[in-house]
Amino acid sequence: MIAPGKLLLGSGCLALGLAGGYFLSQNGKSASSPPILTAPLIKSARPASERTQAKRDGETRKFRQSIPPSDQYVERTQWLENLAVDKIAALIEALCTDIGPDGLQYQDKSFLEKALKKWWQEDREGTLKWASQLPSGGFKRYIMKFSLGELLKDDAPQALAMSEAYQAEDPEWSHVAFQDTHVWNSITEALKKPATTAEEMLAQFSKLSRGTGTTGSDVGSYPENFDFRKLLEEIDAGNLKDEKRPSFMPSDVLHGWAKADPKAATEWFLLMADNQRDVAFQDWADIAKAVSISSGPRGYHEWAAGIIAEATPKQRSAIFENTNDQDAMGIAASISDVGLRDTVLAAAAQRNSGTSGQTEQTINFLSQISTPEARLQAITNDQGQYAWWIKTYTIPASGWQKLGLTREQFDDALDKVQR
């Protein structure tokens, strides 16, 4: 399930005061109702509405003062456990009173979510009724996201119906996104069942909206004998057909496949690389992780060196793109062919050269290339990147010494290519 979004800003919480004031009045009447006069009217420097607001503000401040400070986690937790459910609306108003332009502080936001969860567990109907009476806006949207998300776990049809109805009130609420969350929950739960098939999963994926962005997370475990190839190939075919992607995608399908059958997973990945196709989140790092777990880091390095030796340039590029520095160095050390080893080191250096703070690591990879001449060749093979690199980052004297090159040699090599 998608975690609740950031609490939106002060205007929502200020509006909440109008609704929350109802829960602070002792006689059950709305705080905006005129007072019943039982004594002669006493003149005041302020209108009655201002006196009522001042009283409500005073009650809110007093309630706020009773909440333990945000750095007292244990005391806050115990205080919340002892708080009556009918006081939670007042707590929410008190928390929102001091909200800043960037929203609540982490501790207060976490406290708010715990309070909402307590209220939901003890009085679900009361929470929904209160939420429905809030003024429209960002804060109500936040509360509805929490409430409907909780309801989705127990009564999906009701939650979906309420979500659709709420969109008519608040156009910024996306019922489609909420419906996608429901489908995503169904997908992740189904994948944890031992008998789930790829066909069943594809039927679920067909219910997701499609667009240019994808959200995902690890599922963790997959059914035994699951047809990973069918799932990934059908999703890729759908992406190719409409040039869109499903709104959700498990981020560890390829990892699950590589754990079960690294050879088949690798073959699929390399074929996709050659065709310049990809499925969201499924990259070489998933395969590397699976093989490293089963064979150890050194075993993975030796295995990957063999894959790279047979790979096409496009395939190597896809592998190097998602190979971390430690693995790149280990793979290079496992390659006996000097030219191929230089290719791996050059790819690792090129990747680092585009990242701030990685100048030393870039130099380290370049310096491992077999000869100064081969280092210059690696630089000229990607002259645009290294021309930018040398202008952007300062190379210390020790770096040039480690490279076995001078700045003049570096510049001359780039100039020859550019001419």
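No experiment lies behind these values; they were computed from the predicted model shown.
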Will you find, in the side chains of [X] and [Y], an N or O donor that is under 3.5 Å from an N or O acceptor?
X	Y	result
Ser353	Gln385	yes
Gln282	Asp278	no
Glu169	Ser136	yes
Asp71	Gln107	no
Glu113	Tyr142	yes
Trp173	Ser163	yes

Carboxylate-amine/guanidinium proximity below 4.0 Å for [X] and [Y]:
X	Y	value
Glu302	Arg298	yes
Glu122	Lys118	yes
Arg124	Asp154	yes

Main-chain N/O of [Y] paired with [X] side-chain donor or acceptor, under 3.5 Å:
X	Y	result
Glu75	Pro68	no
Asp261	Trp257	no
Asp218	Gly220	no
Thr188	Asn185	yes
Asn381	Gln377	yes
Ser292	Pro297	no
Ser174	Ala177	yes
Asp236	Val279	no
Thr77	Tyr73	yes
Asp180	Ser209	yes

With the side chain counted from C-beta on, respond yes when [X] and [Y] share a heavy-atom pair under 4.5 Å apart, and no when they do not.
X	Y	result
Lys117	Phe146	yes
Leu152	Leu148	no
Ile187	Val183	yes
Gln121	Glu150	no
Ile335	Thr343	no
Met162	Leu128	yes
Phe365	Met329	yes
His175	Tyr166	no

Using the ring of each side chain (for Trp, its six-membered ring), is Phe226 parallel, tilted or perpendicular to Phe228, with breaks at 30° and 60°?
->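 Perpendicular, since the angle between the ring planes exceeds 60°.
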Specify whether Phe139 and Trp130 have parallel, tilted or perpendicular ring planes, treating 30° as the upper limit for parallel and 60° as the lower limit for perpendicular.
->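 The rings of Phe139 and Trp130 stand perpendicular, inter-plane angle above 60°.
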For the atom pair [atom1] ([X]) and [atom2] ([Y]), what is the distance rounded to the nearest 0.5 Å?
X	Y	atom1	atom2	answer
Ser334	Leu340	OG	CG	11.0 Å
Thr323	Asp283	OG1	CG	9.5 Å
Ile143	Thr127	CD1	OG1	9.5 Å
Leu202	Glu233	CG	CD	11.0 Å
Ile88	Asp123	CD1	CG	8.5 Å
Asp286	Lys259	CG	NZ	11.5 Å

More than 12 non-hydrogen atoms from neighbouring residues, nucleotides or ligands closer than 6.0 Å to NZ on Lys244, yes or no?
->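 It does not: Lys244 NZ has 12 such atoms or fewer within range.
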Got more than 12 heavy atoms from elsewhere within 6.0 Å of CD, Gln158?
-> yes
Stepwise salt bridge (charged side-chain N to carboxylate O under 4.0 Å, His left out) test for Arg141 and Asp170 | CA-CA 8 Å; Arg141 203 173 304 124; Asp170 184 355; 2.7 Å; yes
Any ring-ring contact (aromatic ring centres under 6.0 Å, His included) pairs touching residues 289-327, not counting sequence neighbours?
->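 Checked against ring-ring contact (aromatic ring centres under 6.0 Å, His included) - neighbours excluded - the pairs reaching residues 289-327 are Trp284-Trp303.
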Can you name the one residue among Arg210, Arg245, Arg277 that meets side-chain hydrogen bond (donor to acceptor under 3.5 Å, both in side chains) with Asn239?
->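 Of all the options given, the one that passes is Arg210.
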Among Asn364, Asp325, Thr362, Thr359, which one satisfies side-chain hydrogen bond (donor to acceptor under 3.5 Å, both in side chains) with Asn352?
->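 Output: one option passes, namely Asp325.
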How would you list, by chain and number, every residue that makes a side-chain contact (heavy atoms from CB on, under 4.5 Å) with Thr197, sequence neighbours excluded?
-> Glu199, Glu200
Non-hydrogen atoms of [X] and [Y] that approach each other most closely:
X	Y	result
Gln315	Ala273	CA-CB, 4.0 Å
Leu80	Ala115	CD2-N, 3.8 Å
Pro262	Val291	CB-CG2, 4.1 Å
Ala378	Ile369	CB-CD1, 3.9 Å
Thr181	Phe248	N-CE1, 4.1 Å
Thr196	Ala190	OG1-O, 2.5 Å

Decide side-chain contact (heavy atoms from CB on, under 4.5 Å) for Trp184 and Ser247; before the verdict, give the C-alpha distance in whole Å, the side-chain angles of both, and the deciding distance to 0.1 Å.
-> CA-CA 9 Å; Trp184 171 242; Ser247 56; over 6 Å; no
Check the pair Phe281, Val253 against side-chain contact (heavy atoms from CB on, under 4.5 Å), reporting the backbone distance first and the verdict last.
-> CA-CA 9 Å; Phe281 308 121; Val253 176; over 6 Å; no
List the steps, then state whether side-chain contact (heavy atoms from CB on, under 4.5 Å) holds for Tyr393 with Ile363.
-> CA-CA 12 Å; Tyr393 302 114; Ile363 293 170; over 6 Å; no
Show your reasoning for whether salt bridge (charged side-chain N to carboxylate O under 4.0 Å, His left out) applies to Glu267 and Lys263.
-> CA-CA 6 Å; Glu267 287 173 352; Lys263 183 175 183 294; 2.6 Å; yes
Apply side-chain contact (heavy atoms from CB on, under 4.5 Å) to Arg407 and Ile390, showing your working.
-> CA-CA 9 Å; Arg407 173 65 187 265; Ile390 201 68; 3.6 Å; yes
